[in-house]
Amino acid sequence: MSDIRKHIEQLRTSIERHDYLYYVENQPEISDRQYDKLFEELRRLEAERPDLVTPDSPTQRVSERPLEGFVVVTHDVPLLSIDNTYNESELREFDKRVRKGLEGTSYDYTIDPKIDGLAITLRYVSGKLLYGATRGDGRRGDDVTANLRTIRAIPLTLKGKGWPEQFDVRGEVYMPKRAFAELNAAKVEAGEPEFANPRNAAAGSLKLLDARITARRKLSFFAYSVGLGSTEVADCHFDALMKLRQWGLPVNPHTQEAADIDKVLEVCRMWEQKRLELDYQIDGLVIKVNRYDQQDVLGTTGRSPRWCIAYKYAAEQADTVVESITVQVGKSGILTPVANLTPVKLAGTTVKRASLHNFDILQKLDVRTGDTVVIEKAGEIIPQVVTVKLQTRQAHAAKPYTPPAACPVCGGAVKKDENGVYLRCINLKCPAQIRERLQYFAGKGQMDIDGLGPALIEQLVEKGFVKDFADIYRLRFDQIVQLERMGDKSTAHVMDSIAASKTRPLWRLIAGLGIRNVGGQSAQILANAFGTLELLMAASKERLQQIEQIGPVAAQSIYEYLHDADNVHVIEGMLEAGVNPEQPQARKSEALAGMTIVVTGTLKHFSRQQIEQAIKDNGGKTAGSVSKKTSFVVAGENAGTKLDKAHQLGIDVIDETEFMKRIGQSSQ
Ligand code: IVH
């Protein structure tokens with residue numbers, strides 16, 4: 001076996017193992033950064049040898065082309081729904097029915113968390129993922145394979161051995177609480193409506209036609225049963241799940257067996273509170289009769305089985321009083337109404353405020369100052385008002401809330417957003433927006449300027465010392481030290497932190513700008529693609545769109561941001577003041593941007609490695625074989641079949657001298 005082939009296979013095995021350790025065992029052995037390095041290395045080798053790329057390579061999870069629509073799949077074994085119970089006596093009733101149905105034979109249960117996500121089925125054939133589909137109406141669902149492949153928790157190839165030649169794994173795709181909160185924050189920034197709960201967020205993400213967007217949604221997966229082929233896997237449900245785990249499928253670590261209904265009830269009680277500690281939302285537990293033969297005896301009524309029941313927890317709620325309704329102005333000017341509440345304990349924290357999302361929602365709920373409201377947490381994180389207790393509203397209560405006609409902070413004009421969801425303050429010089437933008441810039445995920453927190457920023461803006469990012473780098477000791485709660489020591493610390501931030505990695509600076517639709521992840525992609533701020537600023541809209549994982553909407557906002565005279569002025573101001581971001585790699589030009597180039601034959605001026613580096617340095621990438629996607633071929637002496645192929649496909653062939661001309665290098 002060639003060295004490169006061996007290396008590629010080793011990398012794939014290693015990445016698959018780390019996916020397994022992370023998602024199934026919950027025990028990662030390496031950092032995300034080390035993982036990314038392995039991934040990058042694999043990508044690089046596969047770019048050199050596209051003939052060695054296989055569909056189950058970890059690099060092939062995200063397909064580049066959006067689908068036109070979804071194909072309908074008929075499920076061989078229908079995906080049933082489950083009856084719900086909400087209290088212990090109903091659960092005992094269920095157990096009585098089971099006992100009667102099984103006519104005195106002994107039985108036990110499996111209990112596992114009921115994940116609040118979306119049911120899917122995965123078909124594995126010869127240990128490889130063939131397709132995956134949504135539940136749909138239980139009989140027919142949508143083929144969402146392209147989207148499911150982007151979920152790293154779903155193995156493309158099974159581990160170990162002993163799996164049936166063909167079988168279906170059933171489970172739940174979900175969005176972890178943190179990812180849900182982040183996605184909603186990004187939605188607001190982009191002026192789009194938020195998802196009501198993690199389940200909708202997961203469903204919305206799986207139904208996207210562009211898998212590149214799904215890939216960024218941080219979805220995960222738990223396998224909870226076997227459809228087709230179950231009896232070939234094991235005799236009972238619990239053993240089947242353990243087999244699935246051995247084969248590399250993520251089975252919930254809290255799945256357990258219970259000898260009888262008393263044990264089941266004990267587990268249900270325990271999870272009532274403990275569920276809030278999980279990093280994904282569960283809305284109950286699923287209780288299943290363990291043995292498959294006993295499941296068969298019990299059978300199914302209409303659409304749900306008699307051997308299974310869900311014990312559901314009601315979402316935790318609390319009553320409290322709205323003391324006032326205020327309006328917050330975000331960094332892009334979005335006005336968000338907020339209910340300030342009499343502090344109340346809810347699902348583990350004290351809640352003092354709840355977002356009312358936008359003025360349409362506020363109007364629909366008709367929340368008024370003085371009202372008693374019911375609150376709960378969306379995705380168990382974000383407090384929100386569910387309803388107003390109208391029966392407690394006083395006759396002399398406040399009038400319905402009217403949306404502000406002007407920005408509550410700067411008094412400037414407000415405008416309904418493009419999507420008609422949000423009101424925006426359109427004054428870019430609004431002090432609230434400036435404060436929010438500066439806070440974001442200095443935040444941990446961006447430039448990470450320790451000591452430059454909200455209280456200091458507020459004073460700096462108020463005094464007129466800081467109006468934009470560049471002003472941060474022009475601050476003097478004497479300006480800061482005179483401010484409230486600032487002594488010599490804390491001022492020196494802030495000055496040091498500001499100085500240290502000048503050489504942060506380029507992606508942090510790009511992220512800090514707060515360009516709409518560009519978060520940390522996109523910033524990293526941009527930094528890697530362009531290498532320097534200057535090249536990013538010079539990029540055309542088309543070039544931005546060509547970057548893998550940067551969609552047309554983000555490309556548009558990046559382009560607009562970097563072609564706005566005020567923004568350019570601020571960026572130049574930062575550079576003049578000594579901001580000098582660390583560059584991911586020196587990029588010489590964009591002459592070969594977006595091009596795929598094949599090199600063949602013996603070259604005079606470059607070794608193979610040198611020319612590949614030159615191609616990379618100038619924005620292009622190399623491929624090992626000629627195809628329709630090849631931009632041009634650089635041919636040296638004794639070029640062989642690749643040259644013939646290029647001629648056949650009508651692809652441009654150039655020599656070394658011409659190549660050097662194209663990258664602005666002379667052959668002397
Ligand atoms: S078992 C016949 N187990 O709940 C039994 N379902 O309300 C098939 N769900 O459509 C389902 N977690 O989407 C099962 N641990 C779990 C589950 C689970 C979530 C969902 C599933 C199903 C819905 C029924």
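Both ligands and their constituent atoms are indexed starting at 1 by order of listing. The first residue in the sequence is number 1, and the count goes up from there. All heavy atoms count here, side chains included; hydrogens, waters and symmetry mates do not.
- When the side chain to side chain contact (heavy atoms under 4.5 Å, CB included) test is applied to D366, the partners found at least two apart in sequence or on another chain are R368, R393, P400.
- When atom types are taken as modelled, the side chain of R170 and the backbone of I120 share no donor-acceptor pair closer than 3.5 angstrom.
- Both tests do not hold together for R149 against Y131: distance to the six-membered ring centre under 6.0 Å, angle to the ring axis within 45°.
- Between the side chains of R12 and S57, at least one donor-acceptor pair of N or O atoms lies under 3.5 Å.
- Y107 meets the ring pair (Phe, Tyr, Trp, His ring centres under 6.0 Å) test with Y109; sequence neighbours excluded.
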When you check ligand 1 against the protein, what N or O pairs turn up below 3.5 Å? List the atom names and distances, or just say none.
residue	atom	partner	partner atom	Å
ligand 1	3 (N)	K288	NZ	3.0
ligand 1	4 (O)	K114	NZ	3.2
ligand 1	7 (O)	K114	NZ	3.2
ligand 1	12 (N)	I115	N	3.0
ligand 1	13 (O)	E172	OE1	2.6
ligand 1	13 (O)	E172	OE2	3.4
ligand 1	13 (O)	Y224	OH	3.4
ligand 1	15 (N)	D112	OD2	2.8
ligand 1	15 (N)	P113	O	3.0

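- Sequence neighbours left out, the pairs with a member in residues 172-193 that pass ring pair (Phe, Tyr, Trp, His ring centres under 6.0 Å) are Y174-F222, Y174-Y280.
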